[in-house]
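These notes concern the structure reproduced below.
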Amino acid sequence: MKFFIDTANLEQIKEAQDLGILDGVTTNPSLMAKEGITGQQNILDHYVNICEISDGDVSAEVISTDFEGMVREGEILAALHPNIVVKIPMVKDGIKALKYFSDKGIKTNCTLIFTAGQALLAAKAGATYVSPFIGRLDDIGYDGMELIAQIRAIFDNYMFETEILAASVRNTMHVIRCAEVGSDVMTGPLSSILGLLKHPLTESGLAQFLADHAKGNK
Ligand code: E4P
């Protein structure tokens, strides 16, 4: 499973990149605003900064919701750096835009996926990634992971090349469950990745090894 980090924070992207396990980055307009990145040129510059840190795909989201606007914005974003993936919302014109970019060989990520039907439609339009939001489904009493499993079954039935990018990952258990059900990618906060490191027996075991070594080498 590929690991993407879901943030526009350059320090956190660098920390994950330095670990050597980062495959890409996802952003959205809320994450950009959280970092105080506003104004079109600043936003474009920030995407370039992210691409200079990460070796992998970097999702950059369009703001338009009409076909012409999405194409215009997406072309500007895609020209910024070869790693840019144009992130398109799951709306009717978005499907047309996914097909347009797919035909031009530009990578896309269809965002705000909450049903298997939406994922199927995006895959039919040639999306590179679909982003089912598991945390937001869990928040309202649905099982986000069940959606990932359902999309996995559908994509496998028809050998769609579209990758499942589990988004709205909130914690380490989400990451593990994504791997269990066969998500191609998960995108989560740095804390959800670093949580994979932790176990109290690892910590106490290491403390014991180091103490025993110190005793024997006095
Ligand atoms: C990813 O592409 C999404 O923008 C993101 O994962 C949403 O996460 P949230 O539900 O925690 O805001």
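As the structure lists them, so they are numbered: ligands from 1, and atoms in each ligand from 1.
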At a 4.0 Å threshold, what atoms of ligand 1 neighbour a non-hydrogen atom of Lys87? 1 (C), 2 (O), 3 (C), 4 (O)
Could you tell me, atom by atom, which parts of ligand 1 come under 4.0 Å of a heavy atom of Arg136? 7 (C), 9 (P), 10 (O), 12 (O)
Give a yes/no on ligand 1: does Thr111 have at least one heavy atom closer than 4.0 angstrom to it? no
Kindly confirm or rule out an N or O of [X] lying under 3.5 angstrom from an N or O of ligand 1.
X: Asn109; answer: no
X: Thr187; answer: no
X: Thr27; answer: no
X: Asn28; answer: yes
X: Arg170; answer: yes

Please assess His46 against Asn42 for the test side-chain hydrogen bond (donor to acceptor under 3.5 Å, both in side chains), listing each intermediate value before the final yes or no. CA-CA 6 Å; His46 200 72; Asn42 290 338; over 6 Å; no
Centroid-to-centroid, Phe4 to Tyr129, below 6.0 Å? yes
Value for CG (Asn9) from CD1 (Ile37), rounded to nearest 0.5 Å, stands at 9.5 Å
Apply side chain to side chain contact (heavy atoms under 4.5 Å, CB included) to Asn83 and list each qualifying residue two or more places apart in sequence or on a separate chain. Cys51, His81
Test side-chain contact (heavy atoms from CB on, under 4.5 Å) on Ile88 and Met70; report intermediate values, then the result. CA-CA 8 Å; Ile88 306 271; Met70 284 190 245; 3.6 Å; yes
Please report, to 0.1 Å, the donor-acceptor pairs under 3.5 Å made by any side chain of residues 192-199, with sequence neighbours excluded.
unit_1 : atom_1 : unit_2 : atom_2 : d
Ser192 : OG     : Pro189 : O      : 2.6
His199 : ND1    : Leu201 : N      : 2.9

